[in-house]
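Okay, here's the structure, questions in a sec.
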2 protein chains.
Amino acid sequence: MLRTELANQGAAPKIARPVPLRESVFEALLELILTGHLKPGQHLAESELAGLLGVSRQPIREALQLLSGEGWVDLHPGHGAFVHAPTVEEADQLLAVRTLLETESAKLAARHSTPDGVQRLRALCVRGLAAVDADDVDTSVAINSELHAAITELSGNKVLAELASLVSRRVRWYHTPVARKRGRDSWSEHAELVDAIAAADEDRAAEIMRKHTEHTRDSYLEQREAEPIESAPEPTRRRRPRSPK
Amino acid sequence: MLRTELANQGAAPKIARPVPLRESVFEALLELILTGHLKPGQHLAESELAGLLGVSRQPIREALQLLSGEGWVDLHPGHGAFVHAPTVEEADQLLAVRTLLETESAKLAARHSTPDGVQRLRALCVRGLAAVDADDVDTSVAINSELHAAITELSGNKVLAELASLVSRRVRWYHTPVARKRGRDSWSEHAELVDAIAAADEDRAAEIMRKHTEHTRDSYLEQREAEPIESAPEPTRRRRPRSPK
DNA sequence: TTCTCGTAGACCGCCTACAGCATACAGTTG
DNA sequence: CAACTGTATGCTGTAGGCGGTCTACGAGAA
């Protein structure tokens with residue numbers, strides 16, 4: 001994983017707005033966190049990451065700040081960065097907030113629904129079902145995210161869409177394996193949801209979305225004990241300060 | 001405004017965890033933005049700010065990243081940082097999201113209300129009313145924020161509280177002068193709200209909060225034309241790239 | 001006059017270097 | 001054997017500097 005490799009991720013040899021290194025680093029580190037190569041609670045030494053990615057500490061620092069802003073890592077001044085270690089309590093709260101934001105989005109999407117927008121949603125539903133039929137879990141999860149993002153965008157409230165997107169990304173960290181369990185159910189709920197949006201039935205859309213996200217939550221809670229998130233062992237080189245408060 | 005001045009803002013001569021310069025810079029820049037010394041749309045040259053605050057460019061860069069994460073400035077790769085220029089559309093959306101988050105917080109706060117927590121809220125109401133009686137608008141606004149923060153914390157959902165806090169801070173940028181208009185009304189609504197929370201009446205608390213935030217919104221909308229936010233004139237040294245997508 | 005092109009200046013993104021603090025460990029003392 | 005202290009090492013936070021790019025501006029051509 002060399003520097004050139006990182007910098008050229010944009011494909012085009014010359015881009016009008018060159019993608020700053022920090023964004024490539026951001027993506028790379030997030031990938032490492034989501035795939036579990038960097039475990040929750042683990043201390044992230046800047047020099048180490050710099051060596052690993054073949055860049056200097058500077059872009060690493062900036063990427064860590066960005067990651068901190070989205071809640072992926074915790075920054076403890078003077079102690080460095082640590083991969084955020086989600087607690088079960090926090091996961092519950094995130095899921096609750098997600099339900100709140102997505103429900104409102106669905107309501108607004110129904111209020112402002114357009115034939116064009118509905119058609120986009122239906123297309124995503126088709127692709128999602130196809131992925132489930134093909135047992136392609138990863139694609140199914142990806143399209144699921146796309147669908148939810150499309151609904152929040154259809155709501156017309158960009159601020160709401162941004163927050164929902166943020167929270168959803170965090171949630172996905174916890175419950176990706178859930179999709180394996182309830183793939184088909186999830187997509188039939190999606191179809192109903194889109195129908196409600198197409199009919200501009202705000203209350204029904206909101207209600208379906210609320211139930212939908214709560215189903216997802218329940219599935220997550222069920223299998224939480226089955227496959228708990230693995231954390232880094234406590235003495236991970238550098239300890240985080242007690243009661244950071 | 002020298003470096004020593006910035007670094008020693010923590011008051012105590014020796015702090016266990018030395019506050020990194022970037023956080024002091026963050027506060028300083030945010031203050032400059034909120035007070036209008038840095039106008040919306042204005043280009044923020046790193047060297048200039050570094051000279052102004054008496055630090056090197058590094059902490060400035062990191063502070064700008066943090067500010068970007070909270071939506072106060074926009075970072076355009078290769079073009080630098082610009083003070084975020086809020087549109088009326090965005091303000092409306094922020095206010096709508098605030099209503100959503102605060103309403104849910106009030107509902108949860110009523111559900112989880114404790115005598116101890118309610119007492120804290122009442123104390124804040126008393127102080128707030130006192131500030132209004134003394135015509136101390138700044139203090140009134142500050143305590144208003146404290147009260148809302150206390151309610152979101154009482155909800156027991158930290159994720160929700162954090163988001164609500166973030167959105168509220170953004171909102172306050174737009175409507176601080178609103179408080180001047182409807183100070184007393186606002187605090188009588190607060191009192192009702194706390195009563196509902198004390199009575200553990202979820203629906204009533206939610207409804208009061210919804211109306212309360214919408215009143216605030218209406219007041220803001222009314223005086224928006226009266227005192228529009230002043231922006232920096234277009235040619236502010238460096239232009240931001242056209243249509244960043 | 002208006003458009004194009006070339007040049008100069010300014011600024012950003014990144015790298016390297018250094019000072020200071022935090023942690024770990026070994027030696028010492030009770 | 002346990003607790004404490006001094007020292008060494010690693011890491012963070014900040015400074016300063018370099019190369020490349022973008023903007024602004026003036027000269028020349030249509």
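It should be emphasised that the depicted structure is a prediction, and the values quoted were computed from it without experimental measurement. By convention in this document, chain letters (A, B, ...) are assigned in the order of the sequence lines, proteins followed by strands, and residues within each chain are numbered from 1.
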### Task
Using atom CZ of A:R57 as one end and atom C1' of C:dA19 as the other, report the distance to the nearest whole Å.
12 Å
### Task
Select one nucleotide: of D:dA15, C:dC15, D:dT12, the one nearest the side-chain heavy atoms of A:S56.
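Of the candidates, C:dC15 comes closest.
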### Query
Which of residues 58-68 of chain A have a heavy atom under 4.0 Å from DNA chain C?
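Result for residues 58-68 of chain A: A:Q58, A:P59, sorted by number.
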### Query
Does a donor on one side chain sit under 3.5 Å from an acceptor on the other, for B:E104 and B:S155?
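Short answer, no.
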### Query
Looking only at heavy atoms, which two atoms of B:H84 and B:P40 are closest? And how far apart?
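Taking every non-hydrogen atom into account, O-CB, 3.7 Å.
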#### Entry: Atom-to-atom span, CG of B:L49 to C1' of D:dT14 - whole angstrom
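Result: 17 Å.
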### Query
Taking only side-chain nitrogens and oxygens of B:H79, does any of them come within less than 4.0 Å of OP1 or OP2 of D:dT23?
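Yes, such a contact exists.
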### Query
Between C:dA22 atom C1' and A:E46 atom CD, what is the distance in whole Å?
14 Å
### Query
Between A:L21 (CG) and D:dG20 (P), how many Å, whole number?
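Rounded to the whole Å, the gap is 15 Å.
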### Query
For the pair made of CZ in A:R22 and P in C:dC15, what is the distance, rounded to whole Å?
13 Å
### Message
Between B:H43 and C:dC12, is there a contact of a side-chain N or O with OP1 or OP2 at under 4.0 Å?
### Response
yes
### Message
Looking at every heavy atom in both B:L67 and B:L30, which two are closest together, and how far apart are they?
### Response
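Taking B:L67 first and B:L30 second, the nearest heavy atoms are CD2-CB, 4.2 Å.
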### Task
Just grab all the ring-ring contact (aromatic ring centres under 6.0 Å, His included) pairs involving residues 139-159 of chain B, residues at least two apart or on different chains.
B:H148-B:H190, B:H148-B:H212
### Task
May I have the distance from A:L44 (atom CG) to D:dG13 (atom P), rounded to whole angstrom?
13 Å
#### Entry: d(CG, B:L53; P, D:dA15) in whole Å
11 Å
### Query
So which pairs with a foot in residues 82-97 of chain B pass salt bridge (Lys or Arg N to Asp or Glu O under 4.0 Å), sequence neighbours left out?
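For residues 82-97 of chain B: B:E90-B:R170, B:D92-B:R224.
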### Polar contact flag, side-chain donor to acceptor under 3.5 angstrom, A:T99-A:T213
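Yes, a side-chain donor-acceptor pair sits under 3.5 Å.
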